[in-house]
Structures are given as C-alpha cells and as structure tokens.
Amino acid sequence: MKRSAGYYLKRYLFLALGLAVMAFGVAFSIKAALGTSPISSLPYVVSLFTPLSVGTATILMHCVFILLQICILRKKFQPVQLMQLPVALVFGYLTDFGIWAIEGLPCQGYWMQWIFCVIGIVLVAVGVSCEVTANVVVLAGEGVVLAVCRVCPIQFGTMKVIFDVSLVALACALSFLFLGRLEGVREGTIAAALFVGILSRQLNKPLGKLGEKILN
C-alpha cells in the first residue's frame with residue numbers, strides 16, 4: 001500500500017525524538033562513569049585516545065556497520081537501508097549535544113553515579129522503544145545483527161548478545177592497549193545490557209498504542 005509523505009514525515013520525526021532521548025541516555029551513562037551501554041562502549045573508549053568526540057566516533061562506527069551490512073548481504077542489501085547513514089549522523093551529533101548539555105550537572109558519590117546510570121538506562125530504553133514504534137529504519141548496529149540473521153541460521157536474540165559482547169570485548173582490548181587501564185566498561189555496562197532490552201520491551205506496548213493514534 002502506497003503511503004503518503006505525511007505518514008513517513010510523522011514516523012521519521014518520532015524516530016528523531018527517540019534518537020534524542022537515546023542520545024541523552026548515552027550522555028547520562030557517560031556522566032555516571034560506571035560504564036556505558038555495550039553499543040556505546042567502543043566509541044566512548046575510542047574518544048579517550050583519539051581527537052574524536054564520542055558522537056563522531058559513534059558516526060564512524062555506524063558507517064563501518066553499514067559497510068558490513070553491504071558486504072554481508074551484497075545483492076540482498078536494500079538501498080532504503082542507506083537511510084541508516086543520516087540517522088547515524090543525527091544520533092552522533094545529538095550524543096555530543098547531550099554530553100555538552102549535562103556537563104555541568106553534579107555527580108558526586110557512588111549513589112549519585114547509580115542515579116545517573118539508571119536515568120541513562122531508562123532513557124536509552126525509551127529511545128529504543130520509540131525507534132521500534134516509528135518502524136522506518138533501524139540503527140546500523142541492529143542492522144548488522146539483522147543482516148547476519150538473514151544469511152545464517154541464528155536467532156536475533158542470540159546474535160544480538162554475541163554482537164554486544166564482541167563490542168564490549170573490543171572496547172576492553174583497546175582500552176588496555178591505548179590507555180593502559182579499563183575505561184568505559186564497568187558494572188553500569190552489565191546493568192545496561194540486562195535492563196535496556198527488558199524495559200524497552202515493556203514500553204513497546206504503550207508506545208505502540210500511542211503510535212497507532214498519532215503515526216497512522
């Protein structure tokens with residue numbers, strides 16, 4: 001069924017809202033200094049030993065993910081998935097903005113770090129749920145997971161765990177190699193890995209009902 005321009009405009013605007021919420025979630029997790037979410041651990045570590053900001057490193061990482069999808073899927077790669085590139089640009093710049101916006105917030109003491117960490121987890125979960133509700137394009141990281149699942153007999157959930165663990169392992173390796181210490185991966189990373197998915201699935205139903213009212 002052919003959709004109107006207004007239909008897609010509303011959905012991309014809703015996606016942009018989700019990206020903004022998710023970006024602030026990443027910013028809060030970085031501010032908490034208890035470890036970022038698995039998908040953000042690699043660009044965060046890269047930003048520590050290069051001149052790149054977290055947002056710029058995120059954009060470059062997503063570009064690599066898009067190239068991986070093209071290599072994996074080849075002729076099966078759908079050109080519409082190139083929309084992941086502008087989405088990556090928006091998400092990267094919003095992440096840098098979020099980090100700048102909350103830079104002055106006080107975060108002293110372990111309990112305050114956990115408050116910021118929980119805020120980050122909740123915001124990332126809300127952003128992911130908005131992305132699912134918008135249903136127009138996925139972020140490049142999820143795109144890689146879906147691409148692998150299309151060519152290999154492996155379930156999405158299993159591949160997502162393998163993908164996240166691989167990113168965290170690479171972040172740890174680069175951290176020790178270039179910084180001589182572990183950065184970006186701590187107890188907050190484990191909490192994010194455990195609870196972002198659970199929270200986003202719980203939010204999918206109410207946000208889905210909202211989407212039916214305002215996005216169709």
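The figures here come from the full heavy-atom set of this structure, side chains too, leaving out hydrogens, waters and symmetry mates.
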message: Are Leu89 and Val87 linked, directly or through intermediate hydrophobic residues, by side-chain heavy-atom contacts shorter than 4.5 Å (ILVMFWY only)?
response: no
- prompt: Is Thr133 reaching over with its side chain to a backbone N or O of Ser129, donor-acceptor style, under 3.5 angstrom?
  reply: yes
message: If I compare all heavy atoms of Gln202 with all of Pro206, which pair ends up nearest, and what's the gap?
response: O-CD, 3.3 Å
- prompt: Distance-only, no hydrogens or angles: does the Ser175 side chain make a donor-acceptor pair with backbone N or O of Ala171 under 3.5 Å?
  reply: no
query: Do Leu207 and Phe14 have side chains that get closer than 4.5 Å, going by heavy atoms?
result: yes
Verify same cluster id: Val124, Ile198 (apolar side-chain graph, 4.5 Å): yes
query: Is the closest side-chain heavy-atom distance between Val161 and Val165 below 4.5 Å?
result: yes
message: Evaluate Phe156 against Met159 for side chain to side chain contact (heavy atoms under 4.5 Å, CB included), listing each step before the verdict.
response: CA-CA 5 Å; Phe156 178 84; Met159 188 60 219; 5.9 Å; no
Validation row: Phe163, Ile39 side chains within 4.5 angstrom (heavy atoms): yes
message: I need the Ile154 CD1 to Ile162 CD1 distance, nearest 0.5 Å.
response: 4.0 Å
- prompt: When Phe49 is tested against each of Phe178, Tyr44, Phe176 for ring pair (Phe, Tyr, Trp, His ring centres under 6.0 Å), which residue passes?
  reply: Phe178
field: Which residues share a salt bridge (charged side-chain N to carboxylate O under 4.0 Å, His left out) with Glu142, sequence neighbours left out
entry: none
field: Inter-residue atom distance Leu94.CG - Ile99.CD1, 0.5 Å rounding
entry: 11.0 Å
query: Counting only N and O atoms by type, is there a donor-acceptor contact under 3.5 Å from the side chain of Gln69 to the main-chain atoms of Ala140?
result: yes
Pairwise side-chain contact, Val137 with Tyr12, heavy-atom cut-off 4.5 Å (strictly under): yes
- request: Report whether Ile30 and Val126 are members of the same hydrophobic cluster (ILVMFWY, side-chain heavy atoms less than 4.5 Å apart, transitive linking).
  value: yes
field: Residues in side-chain contact (heavy atoms from CB on, under 4.5 Å) contact with Ala32, at least two apart in sequence or another chain
entry: Phe116, Cys117
task: Could you tell me whether the side chain of Val26 reaches within less than 4.5 Å of the side chain of Thr36, counting heavy atoms only?
output: no
- prompt: Can you name the nearest heavy-atom pair linking Ile72 to Ala147, along with the distance?
  reply: CG2-O, 3.8 Å
message: So does Cys107 get a backbone contact from the side chain of Lys31, meaning a donor-acceptor N/O pair under 3.5 Å?
response: no
- request: Determine whether Leu19 and Val21 fall in the same hydrophobic cluster, where Ile, Leu, Val, Met, Phe, Trp and Tyr are linked whenever their side-chain heavy atoms lie under 4.5 Å apart.
  value: yes
Set of residues satisfying ring pair (Phe, Tyr, Trp, His ring centres under 6.0 Å) with respect to Tyr93, sequence neighbours excluded: none
message: Within the 4.5 Å heavy-atom criterion, are Leu139 and Phe65 side-chain neighbours or not?
response: no
- line: All heavy atoms of Val196 vs all of Ala125, minimum pair found to be O-CB, 3.7 Å
statement: Note: Pro106 and Met112 closest approach over all heavy atoms is O-CG, 4.1 Å
Criterion side chain to side chain contact (heavy atoms under 4.5 Å, CB included) on Leu73 and Arg150, from CA distance to verdict: CA-CA 8 Å; Leu73 296 174; Arg150 284 189 64 184; 4.1 Å; yes
- line: Separation between CD1 (Ile214) and NZ (Lys209), nearest 0.5 Å, reads 15.0 Å
message: Quick check on side-chain contact (heavy atoms from CB on, under 4.5 Å): which of Leu170, Thr58, Val168 does Leu42 satisfy it with?
response: Leu170
- prompt: Any side-chain heavy atom of Leu82 within less than 4.5 Å of one from Phe77?
  reply: yes
- prompt: Going from CD1 on Ile102 to CZ on Phe24, what distance comes out if it is rounded to the nearest 0.5 angstrom?
  reply: 7.5 Å
- request: Decide whether Leu13 and Val132 are clustered together by the hydrophobic rule: side chain heavy atoms of Ile, Leu, Val, Met, Phe, Trp, Tyr closer than 4.5 Å, transitively.
  value: no
- line: d(Met22 CE, Cys130 SG) to nearest 0.5 Å is 8.0 Å
message: To the nearest 0.5 Å, what is the distance between SG on Cys63 and CD on Gln84?
response: 10.5 Å
message: Could you tell me if the side chain of Ser29 sits less than 4.5 Å from the side chain of Ile121, heavy atoms only?
response: no
Minimal non-hydrogen separation, Val138 against Glu131, with atom names: CA-OE2, 3.3 Å
statement: Nearest heavy-atom approach of Asp96 to Ser53 is OD2-OG, 2.6 Å
